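Contents: one structure, followed by commentary.
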2 protein chains.
Amino acid sequence: MDDATTPKIASKPRPTKDRLIRAAARLFSNCGYHGVGLAEILAEAQAPKGSLYHHFPNGKSDLALASATWASDEILLLIAASFEPADGFADGAESLCQKLANLFDAGGKWSGCPISSTLLEGPDNAQFHRHAAHLFEGWIAEVEYHALRLGLGKDEAAATAQSFYILLQGGWQLARVRRDSAVIRTLPALL
Amino acid sequence: MDDATTPKIASKPRPTKDRLIRAAARLFSNCGYHGVGLAEILAEAQAPKGSLYHHFPNGKSDLALASATWASDEILLLIAASFEPADGFADGAESLCQKLANLFDAGGKWSGCPISSTLLEGPDNAQFHRHAAHLFEGWIAEVEYHALRLGLGKDEAAATAQSFYILLQGGWQLARVRRDSAVIRTLPALL
DNA sequence: TCTTCTCTGGACCAACTGGTCTAGAACTGT
DNA sequence: ACAGTTCTAGACCAGTTGGTCCAGAGAAGA
């Protein structure tokens, strides 16, 4: 806008579409898809209704899919950042749990899993369910990839990745109930 | 429960209050607290609005608390029924997982945890959160009691009960994502 | 400059939300 | 039979929901 030193394509503070996705992800993971109204999202993102329906022609549901995808990609980055520099699988798992626990604390010790809160609220919407399943299996596949890379056998890697996913989902839920990230930090001991 | 042998005070087909609680529990665990309207609950329970506000003066929120309590009690019964006749903790855990997997299948392979779906949808409602925490800790305490009774040491029993809870929540979630109860049935192997 | 396109701003709407209220049905004990 | 209580039935309401629509601001290319 008023900045001449940065390239003009990236000179905006943050594009409206981006603000909408981030606001939606934050609110949905706190209160669920049905628990958040468009008004609240628009207020948080400081965007008018017209912008929402310009960027997401199908409205709330489009936004939900986009925000879940964005949140999932953030988690994938976290997984990669944890396992890539790790000496072994146990190291990477330990590191990932710490990162997730910090994320939990930063989010007010309340937020739920952004994908399940957003997309898992009803048997009626097949598209939501399919997308959620796709994203979650992506997490498991990413962990499995690193497990293989770090020396685990094929079957062991698959089983470990799935167990780790289960522990993380369950642990995050208990942390939310207790408003305390301690559970998440102790998960590696259970693997 | 069967009607033929029960006293006349309970001989009606099923009291309205009961129908409301069960309908609410079913619907909330599918779509979350905000995802279900009163109209839907009343239709499923075949009750008029007046009855709801007679039995639950504070309306939807009262009903949600009652239905979560009811669902929690059902789970406690399931835990007791699994561990009481068991030879050891592993036996009881195995039995509980089978029962829960059957429950999952019976509910259409879709429903989420009735307590978290109903009470864990926002940082704003402290009463909901406190009640959910109370119910969940009740589950863990019940499992811990049986663990002690079946020979585990004090520390081991507490740790095992908590791990089992985490596995069940995480496993149930993954089963929901995959619409397949297989994950739940394999949980005992992870303990 | 003029034109074209992307994006914003918000007024407006029908449908639905949870909640209130009251008339009376159904059961209770006397 | 009576009176008192419990429960049902649904009309009604104000507030909110997600969604539509279009005038126009702003940027981009000619």
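What's counted below: heavy atoms across the whole structure, side chains too, no hydrogens, waters or symmetry copies. Every value quoted in this text rests on a predicted model; they were computed, and no experiment measured them.
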Would one find a side-chain N or O of H55(B) under 4.0 angstrom from OP1 or OP2 of dT6(D)? no

Any salt bridge (charged side-chain N to carboxylate O under 4.0 Å, His left out) involving residues 32-61 of chain A? Give me the pairs, sequence neighbours left out, ordered by first then second residue. R26(A)-E44(A)

By ring pair (Phe, Tyr, Trp, His ring centres under 6.0 Å), which residues pair with H146(A), not counting sequence neighbours? F83(A)

Which letter, B, S or -, goes with each nucleotide of nucleotides 10-20 of chain C from 5' to 3', with contact meaning a protein heavy atom under 4.0 Å? B-------BBB

Requiring both pairing distances under 3.5 angstrom, list the stems that contain DNA chain C and are made of three or more consecutive Watson-Crick or G-U pairs. C:2-27 with D:4-29

Send over the distance from L52(B) CG to dT6(D) P, rounded to a whole Å. 18 Å

Indicate whether the side chain of H131(A) and that of T69(A) have a donor and an acceptor atom separated by less than 3.5 Å. yes

Counting only pairs under 3.5 Å, give me each side-chain donor-acceptor contact of residues 85-103 of chain B, with atom names and distances, residues two or more places apart or in other chains.
residue, atom, partner, partner atom, Å
E94(B), OE2, Q98(B), NE2, 3.2
S95(B), OG, K99(B), NZ, 3.2
Q98(B), OE1, R185(B), NH1, 2.9
N102(B), OD1, R185(B), NH1, 3.3
N102(B), OD1, R185(B), NH2, 3.2
N102(B), ND2, Q98(B), O, 3.3

Here the distance between atom P of dA11(D) and atom CG of L42(B), to the nearest Å, is 14 Å

Can you find a side chain N or O atom of T16(A) that sits less than 4.0 Å from OP1 or OP2 on dT8(C)? yes

Spacing of CG belonging to L168(A) relative to CD1 belonging to I140(A), to within rounding of 0.5 Å: 10.5 Å

Starting from P on dC5(C), measure out to NE2 on H54(A) and report it in whole angstrom. 13 Å

Sole residue of L65(A), D18(A), I21(A) in side chain to side chain contact (heavy atoms under 4.5 Å, CB included) with W70(A): I21(A)

Please name all residues satisfying side-chain contact (heavy atoms from CB on, under 4.5 Å) with R130(B), sequence neighbours left out, ordered by chain then number. A126(B), Q127(B)

Interatomic distance where CD belongs to Q46(B) and C1' belongs to dG10(D) [whole Å]: 16 Å

Between the side chains of Y165(A) and E137(A), does any donor sit under 3.5 Å from an acceptor? no

Please give, in whole Å, the distance from dT6(D) C1' to K17(B) NZ? 13 Å

Rounded to the nearest angstrom, tell me the gap between atom CZ in F56(A) and atom C1' in dG18(D). 16 Å

One should read off an interatomic distance between N30(B) CG and E121(A) CD, to the nearest 0.5 angstrom, of 11.0 Å

